[in-house]
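Take a look at the structure below.
Residue numbering restarts at 1 for every chain, and letters A, B, ... go by the order of the sequence lines. Side chains are part of it too, since the values below use all heavy atoms of this structure and drop only hydrogens, waters and symmetry mates.
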Protein chains: 2
Amino acid sequence: MADVARLAGVSAQTVSRVSTGHPGVIDSTRAQVLAAMKELGYRPNSAARALKRGEFRTIGVLLFTLATTGNSRTVEAIANHAAREGYAITIIPVAAPTQDGVLGAFTRLGELGVDGAIVILEVHLLDSTRITLPPGVQVVVVDSDAGDTYTVVDTDQADGARQAVRHLLSLGHATVHHVTGPASSFASERRADAWRSVLASFDRAAPAPIVGDWSADSGYAAGLQLADDPSCTAVFASNDQMALGLLRAFQERGRNVPGEISVVGFDDIPEARNFLPPLTTVHQDFAEMGRRCVQTVLRQIRNEVTTPGTTLVPTRLVERSSTAPPPSL
Amino acid sequence: MADVARLAGVSAQTVSRVSTGHPGVIDSTRAQVLAAMKELGYRPNSAARALKRGEFRTIGVLLFTLATTGNSRTVEAIANHAAREGYAITIIPVAAPTQDGVLGAFTRLGELGVDGAIVILEVHLLDSTRITLPPGVQVVVVDSDAGDTYTVVDTDQADGARQAVRHLLSLGHATVHHVTGPASSFASERRADAWRSVLASFDRAAPAPIVGDWSADSGYAAGLQLADDPSCTAVFASNDQMALGLLRAFQERGRNVPGEISVVGFDDIPEARNFLPPLTTVHQDFAEMGRRCVQTVLRQIRNEVTTPGTTLVPTRLVERSSTAPPPSL
DNA sequence: CCGCACGATGTTTACGTAAACATTGCACTG
DNA sequence: CAGTGCAATGTTTACGTAAACATCGTGCGG
């Protein structure tokens, strides 16, 4: 900066004013400074800026994996909205889905130069008293019911699942089987709860759910099991990948979808409309998730206040060709 | 830090020594300092650290989207390996796949406090003379042939495509159709080139390729076209999503896969093994990609030298159930 | 028993920026 | 034409840390 000032024949402060776009610099001066900056290839040093300003203009995103569609799309939306607000995002991978892994990630978060953080983690990993948030770092949590402690933004899991199950029942199915995500997942738990409660509200017996792990393979395994149960005419899978596995299993066992069995997924990944048959599924608005996360953290950062509470992002059922009335009708 | 020093009854420098794990501090002193840190909830200020040390321990990742499997899995691997080396990663989304979008991203990169960067972009967006790299920022490029200018790490696209095409020819197919990715994609171009050259080396005519856009929908559209061509018995799709679309189109048109038509994809996304039928595809090792990217940038950062050149990550064909000899045999 | 060497700790300083305050000069008013 | 006010620019200082150098004390060899 000093070099630029010298070359432009002004003070360092004027250079600073130009580089921050401050008003009160006459055009001719500004032009000189800009020329000098260009000639010397000057770039403001962000560390010094952050030090001086006391803010980093960076948001940390803590997550365990980017491999799930939901996470990667949420992160993408977060990155885009943050960029629009002039914030960068830093990914902080959680080494292992354990208390220690989370603890380590939070430690790094604290050392990292971040004004706020978005935590995309199963909540039960968060409730440890050992985790101390870096002071001054505002946090927003996704996929969690910690609404009384943290600020939470989440997809309306329950409503999505309700729509799925009601859709199947309204087609005439006697009941709906369910393939869940892993037990550790809050989202999966919510969806299962909603599934159970809708069945209960219609006085239908809830078959024992089959526990999957989000992978298509686990859906396939579940499908092999369900295919042999002639009473099974409708399955609600907790995500689209598992639904894909179901479709394959039913196809291999000669059970026609949707003729004999209907399948509904969750997420509406882009591929879902090209499954065989095209999948009826619950659409999640990941872009909106990201937008609200960013909006919420930024509000907290700017106000320096934490307001616990949960924001729900609505879902909607997308009807395609994997659902139909049961064969008996 | 001053407060901690006062409470512990030592100098600020000693606090610094403890917090950086410097040797030469007697245990009793260290314990006092640590206690004081804990009591006051002290966290080192990373901006000041970065300013003093002249490094940020952060790597920027420039990309256009996280929505493709390849990108998100590569980023995940990058994040994990970087974390292992004590580096954080910052995502810099490119607003639009245009020169201006890229330019903006590079500008932000320069302001961002980053020791190096990994650029996951189509190369033709990079060759603008308007793009000036921030001095001192080392760059590694993915999905590009800019090996003479930048350091490039990439999947061995050509070899993967060659394996796919050779596999189909060795099954007895007279020729192989091809559904490409978007014209702007370097990876797609490479795969198409390899497809063409293998056909040429076997003296087979290359049918006109169909241009897709990576989406399953575009694969479906291509499939509808190909299904009506009775001479088409084998298709190589440039990614798995488009292969999925092909499968649906063929199924809808009553063309049995693999009985009448064989399909090969590229990427080996986790879902591919649960397609109908399970997809033969070229496996990409994204984790290895990420590892090499990080390794390469870090080497550059540490040596402060740029060594142009290309590192290729090998691929391998995974044979599943979507390929078989052509019906005539 | 003196002095030297080394280990432990303290003091000074600089990293690059921007806020706060100081100064300059010019236009406009009475 | 002097005085006033404001716009443009300059000067000083502090942000939190860690390297470099300075100091202190202790143990050991001669």
Side-chain angles (χ1 to χ4, degrees), chain A residues 1-37 40-58 86 88 108 110-115 134-137 304, chain B residues 1-37 40-58 86 88 108 110-115 134-137 304:
Chain A
M1 188 155 104
D3 298 337
V4 174
R6 205 171 309 122
L7 180 60
V10 299
S11 73
Q13 182 56 30
T14 301
V15 176
S16 166
R17 279 193 261 260
V18 171
S19 89
T20 53
H22 237 258
V25 179
I26 210 168
D27 282 351
S28 60
T29 311
R30 179 187 311 278
Q32 276 177 9
V33 173
L34 288 174
M37 280 180 173
L40 272 60
Y42 167 81
R43 307 268 176 172
N45 178 307
S46 67
R49 266 198 181 168
L51 175 60
K52 192 74 183 82
R53 300 210 263 225
E55 60 166 25
F56 302 92
R57 307 210 129 247
T58 296
R108 264 177 292 142
E111 295 166 348
L112 212 53
V114 141
D115 303 308
V137 173
E304 301 265 321
Chain B
M1 188 157 104
D3 297 337
V4 174
R6 204 170 311 120
L7 180 59
V10 298
S11 73
Q13 182 57 30
T14 301
V15 177
S16 166
R17 280 194 260 259
V18 171
S19 89
T20 53
H22 237 259
V25 179
I26 211 168
D27 283 351
S28 61
T29 311
R30 179 188 311 278
Q32 276 176 9
V33 172
L34 288 175
M37 280 181 174
L40 272 61
Y42 166 82
R43 306 267 175 170
N45 177 308
S46 68
R49 267 198 179 168
L51 175 60
K52 192 74 184 82
R53 301 210 262 225
E55 60 166 26
F56 301 91
R57 307 211 129 245
T58 295
R108 264 177 292 142
E111 295 165 348
L112 212 54
V114 140
D115 303 309
V137 173
E304 301 266 320

Could you work out, with side-chain contact (heavy atoms from CB on, under 4.5 Å) as the rule, every residue matching B/Thr58, not counting sequence neighbours? B/Phe56, B/Ala88, B/Thr90, B/Val114

Out of curiosity, B/Leu7 CG to B/Gln32 CD, how far, rounded to the nearest 0.5 Å? 9.5 Å

Derivation of the side chain to side chain contact (heavy atoms under 4.5 Å, CB included) call for A/Met1 and A/Asn45: CA-CA 9 Å; A/Met1 188 155 104; A/Asn45 178 307; over 6 Å; no

Could you give the CZ-to-C1' distance, from B/Phe56 to C/dG16, as a whole number of Å? 10 Å

Can you measure A/His22 atom NE2 to C/dC21 atom C1' for me and round it to whole angstrom units? 14 Å

Whole angstrom is fine here: how far is it from CZ in B/Arg6 over to P in C/dG10? 14 Å

Name all residues meeting the salt bridge (charged side-chain N to carboxylate O under 4.0 Å, His left out) criterion together with A/Arg49; count only those two or more places apart in sequence or in a different chain, and write none if there are none. none

Close N/O contacts between protein and nucleotides 23-27 of chain C (under 3.5 Å):
none

Output the rounded distance in Å from CE (A/Met1) to C1' (D/dC15). 14 Å

If you round to the nearest 0.5 Å, how far is CZ of B/Arg57 from CZ of A/Arg108? 13.0 Å

Taking every non-hydrogen atom, the tightest pair across B/Ala48 and A/Leu51: CB-CD1, 3.7 Å

Quick one: pull up CE in B/Met37 and CZ in B/Arg43 and give me the separation to the nearest 0.5 Å. 11.0 Å

I need the full list of salt bridge (charged side-chain N to carboxylate O under 4.0 Å, His left out) pairs touching residues 23-36 of chain B, with sequence neighbours left out, sorted by first then second residue. none

Does anything in residues 44-52 of chain B come within less than 4.0 Å of DNA chain C? Heavy atoms only, and list the residues if so. B/Leu51, B/Lys52

What's the shortest heavy-atom distance between A/Ala12 and A/Ala5, and which atoms? N-CB, 3.6 Å

Pairs satisfying salt bridge (charged side-chain N to carboxylate O under 4.0 Å, His left out), at least one member in residues 3-26 of chain B, at least two apart: B/Asp3-B/Arg6

Which nucleotides of nucleotides 20-28 of chain D have their base under 4.0 Å from a protein heavy atom (B), which only their sugar-phosphate (S), and which neither (-), written as one string 5' to 3'? B--------

Calculate, to the nearest 0.5 Å, the distance between atoms CG and OG belonging to A/Leu34 and A/Ser19 respectively. 9.5 Å

Considering only heavy atoms, which members of residues 25-36 of chain A lie under 4.0 Å from some atom of DNA chain D? A/Val25, A/Ile26, A/Thr29

To the nearest 10°, let me know how far the axis at one end of the helix from C/dC1-D/dG30 to C/dG30-D/dC1 is tilted from the axis at the other, five pairs an end. 50°

To the nearest angstrom, how far is A/Arg53 atom CZ from C/dG16 atom P? 17 Å

Short side-chain N/O contact to C/dG10 OP1/OP2 from B/Thr14, under 4.0 Å: yes

Side chain to side chain donor-acceptor pair (under 3.5 Å) with B/Ser11: which residues, sequence neighbours excluded? B/Thr14

Taking all atoms of both residues into account, what is the closest heavy-atom pair of A/Ser46 and B/Gly113, and its distance? OG-CA, 3.0 Å

Tell me the closest heavy-atom pair linking B/Val4 and B/Val33, and the distance in Å. CG1-O, 4.1 Å

Do you know which two heavy atoms are closest between B/Asp115 and B/Glu55, and how far apart they sit? OD1-CA, 3.5 Å

